[in-house]
Amino acid sequence: MKTITPSQFDLEQIADSGQCFRWNRISDYKYRIVAFGKILNIEQDLETGSVTMDCSDSDFDNIWKDYFDLGTDYGKIIERIPEDDEYLKRAASICDGIRIIKQDPWETLITFIISQRKNIPAIKASVEKICKAAGKVIGEIDGEKLYAFPTPKELAALSESDLSACSLGYRAAYIYKAAHAVADGAVDLDKWKELSDDKLFDSLCSLYGVGKKVANCTMLFGFNRLDSFPIDVWMNKIRDRYYPNDFPIEAYRPYGGIMQQYMFAYERSINS
DNA sequence: AGGCAGGCGCTCC
DNA sequence: GGAGCGCCTGCC
């Protein structure tokens, strides 16, 4: 067990922000997360804000501390919001419990390829199916097996029809090609970590089935490129309504992606 | 029952 | 280089 009291940390806001598709809500402010081949039960006390994780000290130090981006001071980032950006200031004041979760690049790439033209429950269902079809069993809860996200080789072992059985639709071909490119070594995601933002963006977009939205999400959530600014239908709506001269993304540097998350989460919250 | 959901590739111009 | 269109699937 490990208990911490981080600032700017709200489990529910993070869970609803659409970054991670393997967080399962157990009850209010209580989740089971599968990531990096591990299962983490996590709970937040609303009174004190303290967060309790059922993990060893070493797993906390080696995995979860980084995963939850606990070394970043989001309060300081919020202070950088341009004074006249009323919409963003409001969004950040409401959604200031969001953090950018540092996920595995491979898993992020695949899950965001799956995400295109799907809603969140459908994305989660497909992700669980590919984990079950190709991933290792890492635990069992109430007779239900839990699976790790498959490695590139494990995923590449599936045929296109195996993938189609995971409700991927036309994305099955995208996943198939991506899995083979990474498993064969034609694409080396570890090497991609060294690339500049521009080069990484171009490399991601060169993958079949990856366009700028998916590339930006993969960069933001899988490569911790905090300036990546994904634009989806919600962001288009926000721009149309509140930013007639477009988003001042230069003013958001180098944290455009965090600003995007506040706006995205806020707009969704007021429309639900 | 028909449109649409956190897009992308392809095919035109 | 950009607008238009088809696409798997599940869900309301």
Side-chain angles (χ1 to χ4, degrees), chain A residues 12-23 25 87-88 91 95 98-101 103 105 107-133 155 158-181 187 198 200-223 225-243 246-247 249 256-272:
Chain A
E12 202 112 1
Q13 286 186 3
I14 298 168
D16 292 341
S17 66
Q19 306 177 43
C20 3
F21 304 110
R22 303 201 75 199
W23 285 38
R25 191 171 181 280
Y87 178 80
L88 178 53
C95 299
I98 290 182
R99 311 178 75 85
I100 305 296
I101 301 303
Q103 303 185 71
E107 176 173 340
T108 310
L109 172 64
I110 298 300
T111 54
F112 278 91
I113 291 175
I114 293 172
S115 78
Q116 57 187 266
R117 285 194 68 85
K118 272 179 179 283
N119 52 32
I120 288 174
I123 299 165
K124 286 177 145 182
S126 279
V127 172
E128 288 313 310
K129 285 179 190 172
I130 67 168
C131 292
K132 189 169 183 178
L155 195 57
L158 298 185
S159 66
E160 269 197 79
S161 67
D162 292 335
L163 289 169
S164 291
C166 300
S167 308
L168 297 172
Y170 61 86
R171 305 162 197 81
Y174 303 163
I175 304 290
Y176 184 85
K177 287 192 187 221
H180 280 266
V187 166
D198 285 349
L200 178 57
F201 179 79
D202 290 343
S203 301
L204 286 164
C205 288
S206 76
L207 298 173
Y208 185 64
V210 177
K212 54 186 180 182
K213 161 64 171 60
V214 172
N216 272 311
C217 285
T218 305
M219 287 177 68
L220 182 56
F221 306 125
F223 288 85
R225 302 302 174 99
L226 299 179
D227 213 23
S228 302
F229 199 83
I231 298 198
D232 62 359
V233 293
W234 287 93
M235 291 303 289
N236 278 330
K237 204 162 71 178
I238 293 168
R239 178 176 48 206
D240 292 349
R241 200 173 294 170
Y242 307 104
Y243 294 90
D246 210 341
F247 298 110
I249 49 175
I258 296 177
M259 306 308 178
Q260 185 270 2
Q261 282 293 286
Y262 294 142
M263 293 192 252
F264 175 78
Y266 176 62
E267 193 64 21
R268 283 173 63 102
S269 73
I270 60 179
N271 282 283
S272 62

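Just so you know, these numbers use all the heavy atoms, side chains as well, and skip hydrogens, waters and symmetry mates. To find a chain, count down the sequence lines: A is the first, B the second, and so on, and within it residues start at 1. Note that the coordinates shown come from a computational prediction; the quantities given were computed from them, not determined experimentally.
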I want to verify a distance call: between [options], whose nearest atom is closest to the [X] side chain?
X        : options              : value
A/Ser167 : C/dC8, B/dC8, C/dG10 : C/dG10
A/Asn119 : B/dA5, C/dT9, C/dC8  : B/dA5
A/Val214 : B/dC8, B/dA5, C/dC7  : B/dC8
A/Phe264 : B/dG6, C/dC8, C/dT9  : B/dG6

Item checked: Residue of the set A/Tyr176, A/Tyr174, A/Tyr170 for which ring-ring contact (aromatic ring centres under 6.0 Å, His included) holds with A/Tyr208 ->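 Exactly one candidate clears the test, A/Tyr174.
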Check: For A/Gly18, which contact category applies under a 4.0 Å heavy-atom criterion: base, sugar-phosphate, or nothing?
Finding: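 Touches a base.
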Checklist line | Residue mapping more 5' on DNA chain B - nearest nucleotide basis, A/Ile123 or A/Tyr208 | finding: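 Checking each residue's closest nucleotide, the 5'-ward one belongs to A/Ile123.
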Next item on the list: Could you label the plane-to-plane angle of the A/Phe247 and A/Tyr243 rings as parallel, tilted or perpendicular, counting under 30° as parallel and over 60° as perpendicular?
Entry: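 Aromatic pair A/Phe247/A/Tyr243 classed tilted.
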Margin query: Surrounding NZ of A/Lys177 (heavy atoms of other residues, nucleotides or ligands, distance under 6.0 Å), is the total greater than 12?
Written below: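 Open.
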What integer distance in Å separates [X]:[atom1] from [N]:[atom2]?
X        : N     : atom1 : atom2 : result
A/Arg117 : B/dC4 : CZ    : P     : 9 Å
A/Ile114 : C/dC8 : CD1   : C1'   : 13 Å
A/Ile175 : C/dT9 : CD1   : P     : 14 Å

Next item on the list: For nucleotides B/dA1 and C/dC8, find the distance between their P atoms and express it as a whole number of Å.
Entry: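 It comes out at 23 Å once rounded to the nearest Å.
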